[in-house]
A.B. asks: 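After the structure tokens below, expect a handful of questions from me.
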Amino acid sequence: SEFLDLAERYAKSMFWLGLRCHQTFNYRLSKEPNQEGFLSPMMAIEGLSEKQVAEFIGTTEKTIKKNEAALKAQQEKKDTWFRRSGIEVDEQQPLFHPTEVNRLYVSLVNGPTSIVVSGLPRNLELLKQTIEASTLTPDKADSERSKPFSSRKPVASTTFLRVSAPFHCPLNSDAVEKVVADLTKREPALLSTSAAKLAVPVFSTVDGTDLSASSLTQEQLLKKLLQMQATERMDLPKMIKSVKDVTHVLEFGPAGNTAIGATARMVGLWMEGSGAQVVAIRP
């Protein structure tokens with residue numbers, strides 16, 4: 001009964017986190033067509049190093065900054081049309097955002113050439129176009145086989161993730177405070193555990209620090225766990241490399257229609273040589 005009680009509390013906390021992140025970002029998945037058929041606030045990039053991705057982000061943000069004046073004028077024109085039509089302007093997704101919101105963020109580092117970037121969908125689409133202009137897609141990699149390797153374009157692919165909020169991203173900062181308030185009011189039992197009371201190690205997804213060895217209070221621990229999911233960047237290789245004396249890793253999915261999910265494969269890659277076994281848990 002204790003396990004079921006804890007599982008219920010966990011499900012409730014995830015509900016409030018998902019709801020508040022969605023409300024904070026206030027974005028509806030775009031129906032504008034692209035190669036995947038949709039846009040979203042998170043995009044996976046395969047084939048480029050973090051340094052290369054950072055360079056592409058820098059180039060894209062310069063273009064975004066140049067476009068801000070035009071977007072602001074477009075927003076004002078759109079607002080005027082809504083007002084004349086009797087539509088509440090603040091209920092619409094704005095075209096123009098402050099500079100800090102227009103930034104692009106590296107949210108997840110899953111491997112040396114597996115990166116996820118978060119931001120406004122239109123800005124991620126611009127990043128996608130910037131990357132495609134300087135790289136080759138995997139199906140066209142053979143087109144430069146006759147060139148010296150040093151002269152070939154990098155091979156990369158991009159995929160929009162089916163999410164309605166940019167997780168592991170500072171754009172969710174306001175959501176964390178709302179979730180803490182929600183859980184304090186509706187699930188006070190979740191605030192009854194401090195770091196010192198954790199029965200098993202809980203490792204930070206940022207740097208692999210064992211939170212059970214910290215001095216975090218009940219509220220600080222809850223907030224930290226929420227931040228690791230909502231606002232803080234996740235570095236899988238760094239986290240795994242910092243964890244010592246592990247014999248087994250349990251992976252709970254999701255895996256879709258496959259027996260082994262992407263998470264299990266990534267973790268298994270980074271655990272190679274450690275002697276640890278990755279076990280995929282499925283219903």
A.B. asks: Backbone N or O of Y105 within a donor-acceptor pair of the S118 side chain at under 3.5 Å?
C.D. replies: no
A.B. asks: Dump the intermediate steps for side chain to side chain contact (heavy atoms under 4.5 Å, CB included) on T135 and F56, then the final yes or no.
C.D. replies: CA-CA 11 Å; T135 63; F56 280 119; 4.2 Å; yes
A.B. asks: Any side-chain heavy atom of F203 within less than 4.5 Å of one from S242?
C.D. replies: no
A.B. asks: Test side chain to side chain contact (heavy atoms under 4.5 Å, CB included) on L127 and I45; report intermediate values, then the result.
C.D. replies: CA-CA 10 Å; L127 174 62; I45 303 171; 4.3 Å; yes
A.B. asks: Any sub-3.5 Å donor-acceptor pair from E61's side-chain atoms to L104's backbone N or O?
C.D. replies: yes
A.B. asks: Measure across T63 and L126 and return the closest heavy-atom pair with its distance rounded to 0.1 Å.
C.D. replies: CG2-CD2, 3.8 Å
A.B. asks: Is the shortest heavy-atom distance from the side chain of W16 to the side chain of L19 under 4.5 Å?
C.D. replies: yes
A.B. asks: What are the two closest non-hydrogen atoms of V206 and K238, and how far apart are they?
C.D. replies: O-CD, 3.6 Å
A.B. asks: Would you name the heavy atoms of P237 and V109 that are closest together and state the gap between them?
C.D. replies: CD-O, 3.1 Å
A.B. asks: Taking only residues at least two apart or on different chains, which pairs with a member in residues 167-181 satisfy salt bridge (charged side-chain N to carboxylate O under 4.0 Å, His left out)?
C.D. replies: E177-K223
A.B. asks: Could you check whether any side-chain heavy atom of M43 comes within less than 4.5 Å of a side-chain heavy atom of K128, counting everything from C-beta outward?
C.D. replies: yes
A.B. asks: How close do M239 and T205 get, counting heavy atoms only, and between which atoms?
C.D. replies: SD-CA, 3.6 Å
A.B. asks: What's the spacing between I115 CD1 and Q52 CD if we round to 0.5 Å?
C.D. replies: 10.0 Å
A.B. asks: Would you give the length of the straight line joining atom CD of Q229 to atom CD of Q227, rounded to the nearest 0.5 angstrom?
C.D. replies: 11.0 Å
A.B. asks: With a 4.5 Å limit on heavy-atom distance, are the side chains of L108 and L236 in contact?
C.D. replies: no
A.B. asks: Do L124 and L39 have side chains that get closer than 4.5 Å, going by heavy atoms?
C.D. replies: no
A.B. asks: Please report the interatomic distance OG1(T130) to NZ(K62), rounded to the nearest 0.5 Å.
C.D. replies: 12.0 Å
A.B. asks: Where the side chain of S134 meets the backbone of I131, is there a donor-acceptor pair that is under 3.5 Å apart?
C.D. replies: no
A.B. asks: Between E50 and R233, does at least one N-O distance fall below 4.0 Å, as a salt bridge requires?
C.D. replies: yes
A.B. asks: Can you find a pair of side-chain heavy atoms, one from V200 and one from S212, that are under 4.5 Å apart?
C.D. replies: no
A.B. asks: Are L48 and T113 packed together at the side-chain level, in the sense that at least one heavy-atom pair is separated by less than 4.5 angstrom?
C.D. replies: no
A.B. asks: For H168 and M228, indicate whether the former's side chain and the latter's backbone hold a donor-acceptor pair under 3.5 Å.
C.D. replies: yes
A.B. asks: Would L198 and L221 count as a side chain to side chain contact (heavy atoms under 4.5 Å, CB included) if you check the C-alpha gap in whole Å, the side-chain angles of each, and the deciding distance to 0.1 Å?
C.D. replies: CA-CA 10 Å; L198 290 173; L221 177 61; 4.1 Å; yes
A.B. asks: Between the side chain of D210 and the main-chain N/O of P201, is any donor-acceptor distance below 3.5 Å?
C.D. replies: no
A.B. asks: Could you report the tightest heavy-atom contact between G119 and L171, atom names first, then the distance?
C.D. replies: CA-CD1, 4.1 Å
A.B. asks: Spell out, as yes or no, whether a donor-acceptor pair under 3.5 Å connects the side chain of N123 to the backbone of R103.
C.D. replies: no
A.B. asks: Which heavy atom of H22 sits nearest to which heavy atom of S164, and what is that distance?
C.D. replies: ND1-OG, 2.8 Å
A.B. asks: Nearest 0.5 angstrom please: L161 CG to T159 OG1, how far?
C.D. replies: 7.5 Å
A.B. asks: Can you confirm whether L225 sits close enough to L211 that some side-chain heavy atom of one is under 4.5 Å from a side-chain heavy atom of the other?
C.D. replies: yes
